[in-house]
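The chain is numbered in sequence order, starting from 1.
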Amino acid sequence: MSKGTTNGGRLRQWWHEFNAKPVPYPTDPGRAAVPYPPSKRGQLHAFAECEAYLLREIVHAGGWARHVNARGDLTFVAPWLIQPWRIHASLTDDTKGRGPMKAQMQEVVDWLASHGALRTLSDEQRNELVRSGEDERAAEGRTGGSPYDSPEYRARVEDMYREWDRDSWEVIPVEMLHVYPHLADADQEWHDTAVRAEEA
């Protein structure tokens, strides 16, 4: 009897799990509260993939800004930041080079910018971020990555790091919440931002 009860309980548990609706994550793509740009069917997956990777960084944009500001070498207070080219490099690594192209990542960036959720920095600010990143890597002995790599390879890596810093974009939290209201559930910082926006 007990064995039958156990098997029945397992069957009910399996049935419940099989039919349960998946719990969405804040970084899941396709959850925007504003219209998506028109895309051809073959481009929808690429857009969603780029969107998901961008959202992972957008969630932590405040933390990255604090890291940059903690260096103490900028003439301005860095706002919440993301680096789309660095995000694309991560996507490329994860897909072994078979993922979306840079232009497709830029389409998502431009779409968010059109809704005021992302904003470009000035050339002066971008140049400062590049210099700040160079100084941090030099101080930590990380210029160009590993010291065991060839000078030519390290020079290419350092150029890549500079490109990532130069491609920094400002995240406008309140406007980003208009696009993705569910980011209020991402962490305490986003929750507090959403509360302040509602009270304003």
Side-chain angles (χ1 to χ4, degrees), residues 12-39 41 43-71 74 76-95 99-121 125 129 164-165 167-200:
R12 284 191 297 274
Q13 181 180 359
W14 172 84
W15 185 252
H16 175 75
E17 292 175 354
F18 181 79
N19 289 281
K21 293 182 179 180
V23 177
Y25 289 94
T27 56
D28 286 347
R31 299 182 64 195
V34 299
Y36 280 90
S39 297
R41 179 174 297 180
Q43 297 173 338
L44 292 175
H45 178 73
F47 190 97
E49 206 167 8
C50 292
E51 182 187 16
Y53 271 71
L54 279 169
L55 278 167
R56 294 176 193 176
E57 296 296 319
I58 288 168
V59 165
H60 300 293
W64 179 243
R66 285 191 293 276
H67 172 83
V68 171
N69 284 317
R71 297 170 183 166
L74 298 176
F76 67 99
V77 177
W80 288 18
L81 295 170
I82 61 168
Q83 297 175 318
W85 278 180
R86 178 172 62 85
I87 299 166
H88 180 264
S90 176
L91 173 55
T92 300
D93 286 345
D94 291 346
T95 59
M101 305 297 289
K102 271 188 176 182
Q104 293 170 304
M105 177 68 76
Q106 190 62 44
E107 287 179 9
V108 186
V109 171
D110 291 342
W111 169 67
L112 290 171
S114 73
H115 289 283
L118 291 178
R119 184 162 57 200
T120 59
L121 300 174
Q125 290 172 326
L129 289 172
W164 292 353
D165 284 329
D167 188 53
S168 295
W169 287 68
E170 178 181 358
V171 174
I172 313 299
V174 173
E175 299 302 326
M176 192 65 74
L177 284 164
H178 289 162
V179 178
Y180 299 113
H182 63 274
L183 284 179
D185 300 323
D187 58 26
Q188 190 63 47
E189 190 165 32
W190 278 101
H191 173 77
D192 293 345
T193 301
V195 170
R196 288 194 298 270
E198 290 178 359
E199 293 174 347

Tell me if a side-chain donor or acceptor on His88 pairs with a main-chain N or O of Pro100 at a distance below 3.5 Å. yes

Would Glu175 and His178 count as a side chain to side chain donor-acceptor pair (under 3.5 Å) if you check the C-alpha gap in whole Å, the side-chain angles of each, and the deciding distance to 0.1 Å? CA-CA 5 Å; Glu175 299 302 326; His178 289 162; 3.2 Å; yes

Residues in side chain to side chain contact (heavy atoms under 4.5 Å, CB included) contact with Pro181, at least two apart in sequence or another chain: Ala33

Any donor and acceptor pair, going by atom type alone, linking the side chain of Glu51 with main-chain N or O of Gly30 inside 3.5 Å? yes

Nearest 0.5 angstrom please: Thr193 OG1 to Leu183 CG, how far? 10.0 Å

Does Val77 offer a backbone N or O that forms a donor-acceptor pair with the side chain of Asn69 under 3.5 Å? no

Interatomic spacing from CE in Met105 to CD1 in Ile87 - rounded to 0.5 Å: 6.0 Å

From CG (Asp187) to NE2 (His60), nearest 0.5 Å: 7.5 Å

Nearest heavy-atom approach of Pro26 to His182 is O-NE2, 3.0 Å

Apply side chain to side chain contact (heavy atoms under 4.5 Å, CB included) to Glu170 and list each qualifying residue two or more places apart in sequence or on a separate chain. Pro79, Arg119, Leu121, Ile172

Judged by atom type as modelled, is there a donor-acceptor pair below 3.5 Å linking the side chain of Gln104 to the main-chain atoms of Met101? yes

Kindly indicate whether the side chain of Asp167, heavy atoms from C-beta on, has any atom under 4.5 Å from the side chain of Trp169. yes

In Å and rounded to the nearest 0.5 Å, what is the CD to OG1 distance from Glu57 to Thr27? 11.0 Å

Look up atom CG in Leu81 and atom CG in Leu118, then write down how far apart they are to the nearest 0.5 Å. 10.5 Å

Nearest-0.5 Å distance, CG of residue Leu177 to CH2 of residue Trp190: 5.0 Å

Within the distance-only criterion (no hydrogens, no angle test), does the side chain of Trp64 pair as donor or acceptor with the backbone N or O of Ile82 below 3.5 angstrom? no

Evaluate the ring planes of Trp111 and Tyr180, with Trp represented by its six-membered ring, and classify them as parallel (under 30°), tilted (30 to 60°) or perpendicular (over 60°). perpendicular

